[in-house]
Asker: 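Pasting a structure below so you can have a look.
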Amino acid sequence: MSEKKFFSVGRDTQKKDGFGKVTGAEIFSCDVILPGMLFARVLRSPHPHARIISVDTSEAEAMGAVCLTYDDVPKKVYNERQVSIPERTYRDRTVLPNIIRHVGEGVMAVAAPTEALAEKALATVKVEYELLPGVFDPVRAMEDGCTALYDEVMLGDKVLPIEHNIACQRVIEEGDLAEGFAKADLIVEDSFSTGRVYHGQMETKGVVCKPEADGGITVWPTTQSIHNTRQLLGRIFDIPLSKVNVHRVTIGGAFGSSIQMNTPIAICVALARKAGKPVKLILTREEDMYNHCKYPSRIKLKYGVTKDGLITAGQLETLVDAGAHNIQIYPLLGCMAGWFVSLYRMPALRFAGTGVYTNKAPACAMQGYGNPQVTFAVESLMDMIADKLGMDPIELRLKNYVGLGQTFWGQGPTVRSIIRSCGVEEMLVKGREMIGWDDRGKPEEKTGRFRRGIGVGRGFHTSGTGAPQPGEVIDYSTAMVKINEDGSADVSTALMCHGGGTLDAIAKIVGEELGIGVELIGVSPSSTATTGYDVCTHATRGIYCGGAAALRAATIAKKTILEIASKLLDVNPEALQIKPNPVTGEGLIFLEGTDKQITVGEAAKTAQFKGWGTAIGVSSHRQTNCPPCFVTNFIEVEVDTWTGEIRTTRAVAAVDAGTVMNPKLTAGQLEGGLCRGVALALLEDSDYNPETGHLTCNAGLMDYKMYTAKEMPMIDDLQVFFANTYEPSGPFGAKGVGEAANNATAGAVANAVYNALGIRINDAPMTPEKVLKRIEEAGINS
Amino acid sequence: MHNSRIITNDFDFFQPTSMTELYELLADTSVETKLMAGGTDLIPQMKEGRKAPKRVISTMKIEELACITVQDGILKIGAAAKLKKVAAACSGLPTINALHQGVSSVGKLQILNMATIAGNICTASPAADTVPGLLTLGSSVTLKSVNGEREVALRDFLAGPGKTTIQANEVLYCINVPLPSENTGSEFKKMERVGADIAKINISVVVQRNGNTCESCKVAVGSCGPTTLLIDKVDDILGGQEISGPESELIQKAAQLVADTITPIDDIRSTAEYRRKVAAVIFMDVFQIAWVRAKGDAA
Ligand SMILES: Cc1cc2nc3c(=O)[nH]c(=O)nc-3n(C[C@H](O)[C@H](O)[C@H](O)COP(=O)(O)OP(=O)(O)OC[C@H]3O[C@@H](n4cnc5c(N)ncnc54)[C@H](O)[C@@H]3O)c2cc1C
């Protein structure tokens, strides 16, 4: 950690949108109301796979509804996720389809003066379908003779034929695999799977679109990237970007669910253009649940190790169920390889991944983008190796982890950089103490109905996707900082806050640089018309990448205000410093050791009167590193061996996030990530009925269950700490936290269950039904 | 796909303030009518299109329906009393702890502040959490209409999933819970996927104890049959018997009987096989606590 003392960074400060959110004053997409606005509803397919033969909208139109069908929409084939370069972007969908590929896919849409009327109009629409066989199992999907979801899709500008329903395949190899395994004294191999988890973000996806008189559109969507939404809308509807303005609207949580330009946005825009009126489209929970999910993955993992516990080779094969559309399987597989290679060093490795189309809701990024799935397998297998070698699992991890000075390519083979800060050892050593690792005992020593076990899991996520060289993934941010005439300042960026405090951190970074208290830094409302490009608030990049751009913009603004002050004080600008008034937050420009001083506000106001201009800075910046934020979880579970129920009784969650911007929010992020990670291990999944292709949970939260505070350890039994590190390439030493919080947990839970029972469960979620069966098979109670 | 945000079918809404007004409204049975208390079952069902009444009549503006009283050793819970109030009323009555727990376990705070026992009973869900306690305590319901009133034992009132023996012109007026003697202990347990969920299985046990002898044992199991099942045969095994320990052969026999008697199915919340296995375990857990309580030395 650097010796530098910060005045704003690292302190708990009031969240800027806190009051608005708790008083209900904050405006979300569903709160946007415009004069003459219509309400849209989408007709959803009850069939998993069908060709639309005809759509009769006459009755709905007679009721006064505006109707939108396949015939009305532009036929541009698009991919809602815009993050890879065009040559690596697979495109397979249109605004509305002519072939339905999953239950819940939009068939047509209506808009009417009230939502109730829209709903009634929808009920009168008659659709004739030609039913096609549904394909639900990804293994079956690849078999010869299986029904094809697509004959061809687009890859970049080229037509790509699709065979065996394979959406995308990647093989990544390094080193001599055969030699690596030949050097091993022990080879351990197993299969793992994780469930089809629904994002469960609090706010369902929604959008309001206003068609403008000049042919342009203004859009208020739920999105994590206003610029990608704008670019895609411009392309689909053939409108110059200067006439497409997308507003940043506060979002009610995301977890990745709005990482792409969601399909309702394009439907709403098409409806608004047809109606010539503003249209609002807010998904119901049911529609949202049929819209996206986490990538369900099956993983086969194999490691070779020496007697001393050094890994000689590793191989991971994965089958990913993509669902009905390929939303970036290509970068996903690159990342899954990256997650695999970046936890532990392997002289030789092979990754082979396949993404397969099935007639289910399409999977997309969610909290970790394949990382929790891979890390669950890796961390489970590490413990299996330790067990076989008779080695302490922590020792094995310390021996093999990828750390300081080593090359790291978490975001895939083209995003390589060197690790310059690393708290892995600190977290393992300190966490071990805190949880009481050495007293955890062995499974065979445990008796009685209720058995406790402790497990460890490591994990990490990248801070963005920047790298010294341009790769296949786009990553940069833009920010503007200006100093106002009263000494306050505004920062304007296209970054989003998903609830975790990203924009608060940006304000802190700017305030820290300017020498102004964070309470005087305003985060401007932003839109695509008023901000430079920012790829997306994803990949745990907000603070590290977006913050770096904001820092650079602030540095420029600071230089200008110091130049202004230097003229007024008659000193050299380089000699001046700024510090905030501890009470008011006002910046004071001063020359050390003298009484020469002026407040930032006075300097800015005088500059205004004298006509010297505004102190303003703009920066568009790509980070040339991609540092890992490491996490470590220690989890204690208690298993009721008579019912198979598992409780999380204690946990220690640690993160190496470099400089922590706001300790309470960071702790909250870790606790939230832990909660969702435990749920990945124990609870969350959404099955499909193999006959009908419908979700068995009926697409509602009554039967799609998520954990709350009730399932977490009691407050004193959940400890959080931060590794003492400083990332030289990050703004004020910061890295990300975001998704990292979720990645280590499922493996730690599996390892804790093993420590309690001596039973290893590789297919998450470990429901009581499953656990009890395994307990009986193992004969534990007999 | 239904729209869970809005109710699309049109209906008339009434909020009578007296029983007489209510009887008059109910006397017209020509249009499909639903009574509504907290609406926590009815409104979701209407949103999902599973119910589409033409008239909805709220019971919540009738003051006398919200009363909770004890008369002649009988706890009378008005049909419009909110669960939060019911729980508060039960908390001073240790022998009916099982009912207190069952009531408190319905949903979370928002639901407790809205919902009623009458609604819970009349929905006739096999998973209803207030019902096992009520059944094991031998409760009855009072039904009233323009033609007068009748009292029906709860076990006869519940006729199947979603079915009760109420007539179209009747309203459930109150629930009558006979307060048991002091040597009674009761306990309720609900197994659920998460901390606020509909039960995978729920069990209530009420035991009367004299020294180490079990005078009687009533058991009801929910979510394991078409209605909550009151398993009388357990009393045949345990009634009048000395209880030597929590896992004694006798208790295990009773537990096995519970597991054999229930008729669970596979559904989204669990499997028939699992429910059968854990029914025995939960019965033993619940019996043990009720047994200790009956002696009066447990909180
Ligand atoms: C989020 C959520 C969680 C829930 N969790 C649980 C749970 O954990 N356990 C559980 O058991 N239930 C649960 N429920 C279901 C529901 O809350 C309960 O069944 C509740 O007790 C219903 O009461 P109510 O007053 O809201 O009934 P209402 O919805 O008003 O009515 C339910 C039914 O009873 C009828 N009715 C109401 N009053 C009368 C009367 N006086 N005479 C005749 N008929 C009448 C109505 O016509 C209707 O058919 C949950 C519901 C939700 C939405």
Asker: Do A:Thr767 and B:Arg193 touch side chain to side chain, with heavy atoms closer than 4.5 Å?
Answerer: no
Asker: With a 3.5 Å cut-off and no angle check, do the side chains of A:Glu115 and B:Asn3 form a donor-acceptor pair?
Answerer: yes
Asker: Between A:Glu711 and chain B, with a heavy-atom cut-off of 4.5 Å, which part of the residue counts as in contact: side chain, backbone, both or neither?
Answerer: side chain
Asker: May I ask you to name which of B:Ala280, B:Gly195, B:Ala196, B:Ser270 has the most heavy-atom pairs under 4.5 Å with chain A?
Answerer: B:Gly195
Asker: If you tally heavy-atom pairs under 4.5 Å against chain A, which of B:Asp267, B:Thr271, B:Ile282, B:Asp197 wins?
Answerer: B:Asp197
Asker: Hey, are the side chains of A:Lys710 and B:Val194 touching, using non-hydrogen atoms and a 4.5 Å cut-off?
Answerer: no
Asker: Mind listing the closest non-hydrogen atom pair of A:Leu772 and B:Tyr274 along with its distance?
Answerer: CD2-CE1, 3.6 Å
Asker: Taking every heavy-atom pair that is under 4.5 Å apart, which of A:Leu117, A:Asp640, A:Thr284 has the most such pairs with chain B?
Answerer: A:Thr284
Asker: Rounded to the nearest 0.5 Å, what separates atom NE2 in B:His2 from atom CG in A:Asn698?
Answerer: 6.0 Å
Asker: Side chain, backbone, both or neither: which part of A:Met706 has a non-hydrogen atom closer than 4.5 Å to chain B?
Answerer: backbone
Asker: To the nearest 0.5 Å, what is the distance between CE (A:Met289) and CE (B:Met1)?
Answerer: 10.5 Å
Asker: Name the region of A:Leu122, side chain, backbone, both or neither, that has any atom closer than 4.5 Å to a heavy atom of chain B.
Answerer: neither
Asker: When you compare the side chain of B:Ile6 with that of A:Arg41, does any pair of heavy atoms fall below 4.5 Å?
Answerer: no
Asker: Any idea which of B:Arg275, B:Lys200, B:Arg269 has the most non-hydrogen atom pairs under 4.5 angstrom with chain A?
Answerer: B:Lys200
Asker: Would one find more than 12 heavy atoms of other residues, nucleotides or ligands at under 6.0 Å from atom CD of B:Glu249?
Answerer: no
Asker: For A:Thr643, is it the side chain, the backbone, both, or neither that has a heavy atom closer than 4.5 Å to a heavy atom of chain B?
Answerer: both
Asker: Measuring heavy-atom distances to chain A, does B:Ile198 have an atom under 4.5 Å in its side chain, in its backbone, in both, or in neither?
Answerer: side chain
Asker: Could you tell me whether the side chain of B:Asp10 reaches within less than 4.5 Å of the side chain of A:Lys120, counting heavy atoms only?
Answerer: yes
Asker: Tell me, yes or no, whether the heavy-atom count around B:Lys108 atom NZ, taken from other residues, nucleotides or ligands under 6.0 Å, exceeds 12.
Answerer: yes
Asker: Is any side-chain heavy atom of A:Glu119 less than 4.5 Å from a side-chain heavy atom of B:Arg5?
Answerer: no
Asker: So for B:Val278, is it side chain, backbone, both, or neither that comes closer than 4.5 Å to the heavy atoms of chain A?
Answerer: side chain
